[in-house]
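Some notes on the structure that comes next.
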Amino acid sequence: MNVFTLSIVDDFKRIMLENEGYKEIFSGFADTLKITAGALVMGIIIGIVIASVRTSFDKNKESMKLKGGIGYYILGFLNAICKVYLTVIRGVPVVVQLMIAYFIIFVSAENGVMVGIFAFGINSGAYVAEIFRAGIMSIDEGQFEAGRSLGFNYLQTMKSIIIPQMFKAVLPTLLNEFIALLKETSVAGYAGVIELTKSGNIIAGRTFNYVVPMFMVALVYLVTVVILTWVVGRLERRLRKSER
């Protein structure tokens with residue numbers, strides 16, 4: 001080993017082992033996973049609602065317009081709200097949304113993790129909604145007709161036939177959104193959350209050494225993303241086999 005390598009090894013032992021920096025890294029990573037998982041669940045709920053409203057309006061607006069009645073206007077109003085939500089959320093950087101949530105909406109909040117889940121969940125919902133909408137629109141029209149032939153109304157058809165098939169179609173894309181969301185949470189420190197990246201910054205500021213903690217943070221992200229990417233690849237292969 002050269003002098004530089006020996007110095008890095010010594011710094012790693014001192015910072016991560018002797019000073020127990022690894023505990024802060026793991027603690028920050030735990031908060032990162034909490035925010036990511038919570039935000040994804042929230043995003044899925046929002047995504048299902050918005051995708052259902054938008055696809056329902058797109059598929060039924062002509063027939064509802066011919067029939068008349070207040071239902072057409074209510075669904076049109078809800079569709080317009082969904083479009084505004086998608087435009088605003090996808091048009092504003094996630095870090096700005098996070099700061100608005102922390103410093104304005106939840107200014108008195110003490111739990112930064114919950115604020116992070118809310119902000120990233122709202123943000124993720126816009127992207128998940130478009131994933132779900134594309135998945136629903138890709139389902140063959142014959143599936144809707146099959147639901148009607150069984151005596152289901154539109155909502156029952158969506159719940160029992162369309163959405164289960166949609167989930168199968170978009171699951172790999174949804175897991176890729178999870179990976180992207182995991183990396184986006186690196187800015188959660190703006191909301192006072194000591195997540196993975198913030199933990200590395202704290203260790204670096206305390207030890208005056210940025211090499212070891214930042215490389216550790218990068219390594220944890222990299223290993224996690226590699227594992228999740230492997231899971232997505234395996235899942236895609238299984239889905240392809242089940243379709244044959």
Side-chain angles (χ1 to χ4, degrees), residues 35-102 104-106 109 114-178 180-181 184:
I35 294 172
T36 305
L40 186 66
V41 170
M42 185 176 174
I44 287 173
I45 294 170
I46 293 172
I48 289 174
V49 173
I50 291 179
S52 298
V53 169
R54 294 206 64 206
T55 54
S56 296
F57 183 77
D58 290 343
K59 286 181 174 292
N60 299 297
K61 63 181 178 181
E62 296 299 332
S63 59
M64 291 180 71
K65 191 173 183 180
L66 290 173
K67 290 179 182 177
I70 194 171
Y72 170 77
Y73 297 100
I74 291 175
L75 191 59
F77 176 70
L78 293 175
N79 183 63
I81 291 176
C82 291
K83 282 186 174 182
V84 171
Y85 164 79
L86 293 172
T87 301
V88 171
I89 295 301
R90 291 192 296 172
V92 177
V94 65
V95 66
V96 176
Q97 297 173 33
L98 178 65
M99 293 175 74
I100 289 172
Y102 186 67
I104 300 175
I105 300 175
F106 299 107
M114 294 307 297
V115 176
I117 290 173
F118 172 82
F120 287 105
I122 293 292
N123 181 267
S124 179
Y127 295 94
V128 172
E130 288 300 281
I131 292 172
F132 285 168
R133 188 173 77 92
I136 293 173
M137 297 299 285
S138 69
I139 302 298
D140 189 85
E141 191 66 29
Q143 298 295 317
F144 290 92
E145 295 173 0
R148 295 190 190 99
S149 68
L150 292 172
F152 291 169
N153 60 31
Y154 184 80
L155 290 177
Q156 290 173 325
T157 302
M158 288 287 290
K159 177 184 175 183
S160 302
I161 299 176
I162 303 303
I163 289 181
Q165 293 185 61
M166 176 271 294
F167 264 110
K168 181 181 178 181
V170 305
L171 196 52
T173 309
L174 192 62
L175 286 174
N176 282 320
E177 169 63 18
F178 179 78
L181 184 59
E184 286 177 354

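Values below: all heavy atoms of this structure, side chains included; hydrogens, waters and symmetry mates excluded.
- Here the closest heavy-atom approach between residue A126 and residue L86 is recorded as O-CD2, 3.3 Å.
- Remark: Q156 pairs with no residue by the side-chain hydrogen bond (donor to acceptor under 3.5 Å, both in side chains) rule, at least two apart or across chains.
- When atom types are taken as modelled, the side chain of S160 and the backbone of T157 share no donor-acceptor pair closer than 3.5 angstrom.
- Of all heavy-atom pairs between A109 and V115, the closest is CB-CG2, 3.8 Å.
- Under the side chain to side chain contact (heavy atoms under 4.5 Å, CB included) criterion, F167 pairs with I44, I48, F132, I163, L174, not counting sequence neighbours.
- In this structure the side chain of I122 reaches within 4.5 angstrom of the side chain of Y85, judged on heavy atoms.
- Atom CG of residue L150 and atom CD of residue E145 lie 12.0 Å apart, to the nearest 0.5 angstrom.
- Considering every non-hydrogen atom in both R54 and C82, the closest pair reads CG-CB, 4.1 Å.
- A distance of 15.0 Å separates CG in L78 from OH in Y73, rounded to the nearest 0.5 Å.
- With sequence neighbours excluded, the residues satisfying side chain to side chain contact (heavy atoms under 4.5 Å, CB included) with D58 are R133.
- Without hydrogens or angle criteria, E177 side chain to Y127 main chain gives no donor-acceptor distance under 3.5 Å.
- Taking each heavy atom of A101 and F118 in turn, the nearest pair found is CB-CD2, 4.2 Å.
- Here the shortest heavy-atom pairing between P172 and A169 reads CD-O, 4.0 Å.
- Note: F120 CZ to M42 CE = 12.5 Å, rounded to the nearest 0.5 Å.
- Atom OG1 in T55 sits 11.5 Å away from atom CD1 in I50 (nearest 0.5 Å).
- Applying the side-chain hydrogen bond (donor to acceptor under 3.5 Å, both in side chains) test to K159 and every residue at least two apart in sequence or in another chain returns nothing.
- Taking CD of Q143 as the start and CE of M158 as the end, the distance is 12.5 Å to the nearest 0.5 Å.
- Side-chain atoms of S56 come within 3.5 Å of backbone N or O of S52 as a donor-acceptor pair.
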Exercise. Evaluate the criterion side chain to side chain contact (heavy atoms under 4.5 Å, CB included) for residue pair V128 and I46; output intermediate values, then yes/no.
Key: CA-CA 8 Å; V128 172; I46 293 172; over 6 Å; no

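- Pairing each heavy atom of I162 with each of I136, the nearest pair is CG2-CG2, 4.0 Å.
- With hydrogens and angles disregarded, no donor-acceptor distance shorter than 3.5 Å links the side chain of S124 to the backbone of G121.
- With sequence neighbours left out, T36 forms a side-chain hydrogen bond (donor to acceptor under 3.5 Å, both in side chains) with no residue at all.
- Of the residues listed (V170, I139, D140), the one engaging Q165 in a side-chain contact (heavy atoms from CB on, under 4.5 Å) is I139, and it is the only one.
- Residues passing the side chain to side chain contact (heavy atoms under 4.5 Å, CB included) test with P93 are V95, V96, sequence neighbours excluded.
- Note: L175 CG to L40 CG = 8.5 Å, rounded to the nearest 0.5 Å.
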